[in-house]
Structure formats: structure tokens, C-alpha cells
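Reminder, nothing fancy here: chain letters follow the sequence lines and each chain counts from 1.
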Amino acid sequence: MENVLKEITPKSVDYSQWYVDVITKADLVDYAPMKGFMVIKPYGYRIWEFIQEAMNREFRATGHENAYFPLLIPEHLLTKEAEHVEGFSPEVAWVTMGGGEPLSERLAVRPTSETIIGAMYAKWIQSYRDLPVLMNQWCNVVRWEKATRPFLRTTEFLWQEGHTVHRTREEAEAETLQQLRIYQRVIEKELAIPVVAGRKSAGERFAGAVETYTLEALMGDGRALQIATSHFLGQNFAQAFDIQFLDEDGVLKYGWTTSWGSSTRMIGGLIMVHGDDKGLRLPPRVAPIQVVIVPIMRGAERETVLAYATRLKDLLEVKFRVRLDARPEFTPGYKYNDWEMRGVPLRIEVGPRDVANGSVVLARRDTGAKATVSWDAVESTVEGWLDEIQRHLFEEARQRLSERTVAVTDYREAARYGYRGFFTGDWCGQEACADQIKAETGMTIRCLPLDAHPMTGRCVVCQEDASERMVFARAY
RNA sequence: CGGGGAGUAGCGCAGUUUGGUAGCGCGCCUGCUUCGGGAGCAGGAGGUCGCAGGUUCAAAUCCUGUCUCUCCGACCA
């Protein structure tokens, strides 16, 4: 235990340092030699692949197809939608040289792809029969951020961005909400992270959007993380890019567009929601290794133990992602700590005792619980325990979310909780009140929850009539 | 962009005050003994001290310039 503390700074000592220790020691990422960039190592990238697989399943089931659009966007396209360019221009990286020559028009490294995709959609769409257009792309984007943290805010990050065009406003609005719920399903089911779904206030909206919907998650330190967003863009981009179609009634009309995105930031959320002082705790559904087998190879029994462990691996890897850790240079104790740091949900210890008894020892990463199980029951027990761990991690996070969500009638009450947690209260809808909260407390309106209604009808800032219920918090 | 801190072996650091030709822990390599919660012993490899100038017989150390990282703040879907 003392040795663990040497490697990972306890959360209670320094949460930021704990986070950095965990992601580097668990072998998820390494810092690149340029500020704000990171390398996602195989173990971390595998988690991303599980997220991709789950999202792709949902996207396909709702009629979306994957495509790929260019990395670079000519300046004249990026600047077509006024609000959009104003929102993004401060953080755009530009390419000004090519082949040793200055370019006649500089090219933006995409910070998001509404503009280039909008330009292409305008070419492709002629008739109402061409609609809806439902595409998604997996790619990298670059935003020149001043303060960066691995996964949570990096200069370059990986994400998916969906872009759709619809014939009617209603259809586009339905799409926006459908995709939000897809995100919610994947994030809650696969990543075991409970979220609050809501609308963004005008001040927090995506640049160029009519309405932005968001999922907000609560991290282990009580700060909020925006974990996915879905935007109803109205006809703003359709008008800027001439996305028009001839409708059934013979009238030329603008399409209604949406865009929605989720990024590697989700992995940051995963770490901060489930991790503990021993390191990562991965939900089984996204764990690159679900079961690690550690053989205890003493003296003369070494061969029989290894054979037993290998048979166990063969048995289990039919249904689960299994690793047999037979490295001779490390002791079992070292391996336990090592795999716990990496968040492997389930460990199986097999030693001479187990070989003799025809049993194995199972140990859970989430609770630390151990049990001795007979060979015949191993497979079913592993399956049951993995399900149970997935459920337990979600339940634990859900409970923390509900415990740390506090209803207030005055925003100053949040001071009692050190501005940690989600605070809900009524809001008059005026930006001045939101600004006051931010200036005084550092908290922002995370969202206007979809199914909540005002409780008192009084704004938590000005005490005037309030028509909205909001969730506010300090955010990453 | 403002303020602080730091660049010496893969990682973490000492050495800089008072110049004298680089060291410790972990890790790594080899061998033997080990293995039910971070093993032990022995031997070994590895560094133009961020970079560029300058002072000096001599620079990790003093001077000048420069680059980078990091924390706090500001900014930021």
C-alpha cells in the first residue's frame, strides 16, 4: 500500500496530480513533445475502439453512415457562417505554406467540420428525395487551447461528428434529441457514467446553433464535465452554404441541419468517475483486458501451475478478454498492484493450492472482494461477476451524482459545498444572472435539464420570476 | 497574455550559494536464488548537465540571450 502511494498521488492530496499519475501509470497516454498534444497508447486506444464500436452500432441502427471529409478547410468556407467563425476563429490553427510556397488562400485545420461538410452537402442535395442525409465521421480536430489536460482538453483530439440534413424542422429537432439519447445510452451502458441531459443556455450554445443539447457528468472531485453535445442548427448553415432542395410542392427550400459530437474526452470522464487511489477501475464492457490470470509458481509445482493457468485461459478466452500474466521476473504481489493500477475488472489467482483443490481465487477490482470458486463454476462466476461489476460501477456513480446534486433557492448556498457538485435552481433566463454566478463563484450553467421544471418560480440570483430550471457547477 | 516554479541517465532528484571535469534512488541488462499482496544477492550498461554565445587555465556551477515544460490566473462548448 505504501508503495502504491509512491506511484499514484492520492486523490485527497491533489486531484489533478492523481489524474495525471493514473493516466500515465496505467499506460493510457504519454505526453507528446509539443504542448497540448498527447499520444494515446494501445491500452488507451483500445478503450476508444470499444466506444467507437458501441457508437457505430447505434448510429447504423438509426440509418447513419460513416464518411470522411478533408482535414483542411479553405478560409472562405470557414468564414461563411458569421456566428460560427466568430466562435471558433480564436482557436483555429492555419496552414499557410505548401510545398515551400505561400498558399494563395490559407487553410484551417478543422476545429469541427460543419463548414466543409455543408459545402459538400450543397452539391449533393437537389430534391426532397435526397433527404434526409445522415452521415457521421470519425476524425481528429484541432483547437488551439491555452490550458490543456490529457483527454479533457487537448489541442488535437479524436472524436466523431455527425452531420445531418432534413426536410422539416420537426424532423431535424427529433434527430438532435435522438442522437443525444444515443449518447446517453452508450455512456451510461458502456462507460457506466450517469449523466444529466439538458439544453444549453444561450450563452453556452455551440457557435451557430439554434439549440444545443448536452450531457453533463459529475467527476470524482465534484466538477462537471460536458461529455457529449447535439446541436439543432436550424437553417443557419443551410442558408450560409446554400443547402437547398426542391420540395414536393415545387418550392425551393432550405434544409434543416443538425450536428452532434463526442470525443476522447469521454475517456477522461471514465477515469475521473471510476478511478481510485490504486488507479483505474474500468467497466468490463470497455476494458481491454477483462480478466487477468496470475499464476503463483512456487518451486517444483511451477509447471503444473502454469499448465493449469493456461487451461483456464483457454477456457475463458472463448467468451472474455483474458490475459495470462506468467512473467517470471515479477512476484504475484507486484502483478496484483500492476493490474489494479491498469483497472482490470477481475483477477484470477491460481497457485499450487488451487491446482490441488481444482479451484481458483477470484478478486474484484471494484470492491476488492475475493472468493474461491471450483473449476466447474469459473466460467459462469466470471460472467456473473463482470456483469455485477459493470452494474456496481454505474450504481456507485449514480449514487454519488444524486448525493451531490443539491437544490438551492439562492446560488450562494453552493459555497457551503465548496462549489463542488451539481446545484439545481430556478433561473429567470437573463444572461446577467448567469454572468453574476460565474464572476462570483466560477460556476456556469451546465444545462437546463430536459425533464425538470421550476420549483419556486424565483431566480436563484435576482429572485425575479423564473421560467427555467438549471443545473450549475464548476466545470472542466 | 500576466505571475510563480523547473530543465542534470528511461523516471524522480542531489550537486549550482563557495567554478576543479557528474552522483543517488527507482527502472533497465546478465547470473543465481525466489514467487498466495510491490523479492534478495552479485556483476553491468546508460548522461555533449535544454540550446547558443561569453568570462576563465578550467563552467552543470558565473554572465547574456534563447527555447521548452509546468502550476495559478485570464481565455475556452
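One C1' atom belongs to B:G5, the other to B:A52, and the distance between them is 24 Å to the nearest Å. The P atoms of B:C24 and B:G65 are separated by 36 Å, rounded to the nearest whole Å. Here, B:A45 and B:C1 have their C1' atoms 46 Å apart, quoted to the whole Å. A distance of about 14 Å separates the P atoms of B:A6 and B:U16, rounded to the whole Å. The same atom, C1', is picked in B:U70 and in B:G31; the two are 42 Å apart, to the nearest Å. Distance check on atom P: B:G23 versus B:G47 gives 13 Å, rounded to whole Å. Across B:U8 and B:G50, the matching C1' atoms stand 10 Å from one another, rounded to whole Å. B:G15 and B:G53 have their C1' atoms separated by 25 Å, with the value rounded to a whole Å.
The residue A:E204 sits apart from the nucleic acid: no heavy atom pair falls under 4.0 Å. Within 4.0 Å (heavy atoms only), A:V361 reaches at least one base atom of the nucleic acid. Using a 4.0 Å heavy-atom criterion, one finds that A:A209 contacts no nucleic acid atom at all. Heavy atoms of A:P295 sit nowhere under 4.0 angstrom from any nucleic acid atom. Residue contacts for A:E216: at a heavy-atom cut-off of 4.0 Å it reaches no nucleic acid atom on any strand shown. Using a 4.0 Å heavy-atom criterion, one finds that A:P90 contacts no nucleic acid atom at all. Residue A:F88 is classed as a base contact, given a heavy-atom separation below 4.0 Å to a base. Using a 4.0 Å heavy-atom distance criterion, A:R327 is classed as making no nucleic acid contact. If you check every strand for non-hydrogen atoms under 4.0 Å, A:R205 touches nothing.
A:W375 is linked by a ring pair (Phe, Tyr, Trp, His ring centres under 6.0 Å) to A:Y308, counting only residues two or more places apart in sequence or in another chain.
To the nearest angstrom, C1' of B:G37 lies 14 Å from CZ of A:R365. Residue A:Y476 contributes atom OH, which lies 19 Å from atom P of B:C75 at whole-angstrom precision. Rounding to whole angstrom units, CD of residue A:E349 and P of B:G37 are separated by 8 Å. Rounded to an integer number of Å, the gap from CZ of A:F330 to C1' of B:G27 is 9 Å. Across the protein-nucleic acid pair, A:Y334 atom OH and B:G40 atom C1' stand 17 Å apart, rounded to whole Å. Atoms CD (A:E329) and P (B:G40) sit 15 Å apart, rounded to a whole Å. Here B:C35 presents its P atom at 13 Å from NZ of A:K335, a figure rounded to the nearest Å. When rounded to the nearest whole Å, the span between CD1 of A:I8 and C1' of B:G12 equals 16 Å.
Ring orientation note: the planes of A:F423 and A:Y417 are tilted relative to one another, at an angle of 30° to 60°.
Side-chain N/O atoms of A:S230 and A:T176 include no donor and acceptor closer than 3.5 Å. With no hydrogens or angles considered, no side-chain donor-acceptor pair links A:D221 and A:W18 at under 3.5 Å. The closest side-chain donor-acceptor pair between A:T444 and A:R446 falls under 3.5 angstrom. Using modelled atom types, one finds a donor on one side chain and an acceptor on the other under 3.5 Å when comparing A:S259 with A:E114.
With RNA chain B read from its 5' end, the first of the two nearest nucleotides for A:Y336 and A:H84 is the one closest to A:Y336. Position along RNA chain B of the nearest nucleotide to A:E340 versus A:E91 favours A:E340 as the more 5'-ward residue.
Of the listed nucleotides (B:G37, B:G36, B:A77), B:G37 has the atom at the smallest distance from the side chain of A:N337. Set against B:C76, B:G37, B:G36, the side chain of A:P352 has B:G36 as its closest nucleotide. Nearest to the side chain of A:A147, among B:A74, B:C35, B:G37, sits B:A74. Of the listed nucleotides (B:A77, B:G37, B:C35), B:G37 has the atom at the smallest distance from the side chain of A:K278. With B:G37, B:A77, B:U70 as the choices, the nucleotide that has an atom nearest any side-chain atom of A:Q226 turns out to be B:A77. Distance from the side chain of A:P332 is smallest to B:C35 among B:G37, B:A77, B:C35.
If you check B:A58 for Watson-Crick or wobble pairing at under 3.5 angstrom, you find it has no partner at all. In this structure, B:G38 forms no base pair with any nucleotide, since neither Watson-Crick nor G-U wobble geometry is met with both distances under 3.5 Å. With a cut-off of 3.5 Å on both pairing distances, B:U16 has no Watson-Crick or G-U wobble partner at all. Pairing partner, B:G2: B:C72, with both Watson-Crick or wobble hydrogen-bond distances short of 3.5 Å. With a cut-off of 3.5 Å on both Watson-Crick or G-U wobble distances, the partner of B:A9 is given as none. Using N1 to N3 plus N6-O4 or O6-N4 for Watson-Crick, or N1-O2 and O6-N3 for G-U wobble, each under 3.5 Å, B:C28 pairs with B:G44.
Taking the six-membered ring for Trp and the full ring otherwise, A:F330 and A:Y336 have centroids separated by 6.0 Å or more. Between A:W48 and A:F151, the gap from one ring centroid to the other reaches at least 6.0 Å.
Neither OP1 nor OP2 of B:C35 sits under 4.0 Å from any side-chain N or O of A:T331.
The residues A:R205 and A:E211 are annotated as salt-bridged, a charged nitrogen and a carboxylate oxygen being separated by less than 4.0 angstrom. A salt bridge does not link A:E58 with A:R181: every distance from a Lys NZ or Arg NE/NH1/NH2 to an Asp or Glu carboxylate oxygen is 4.0 Å or more.
A:E340 pairs with exactly one of A:R347, A:K25, A:R365 by the salt bridge (charged side-chain N to carboxylate O under 4.0 Å, His left out) rule, that one being A:R347.
Remark: A:R143, A:E145, A:K146 in residues 138-146 of chain A come within less than 4.0 Å of RNA chain B through at least one heavy atom.
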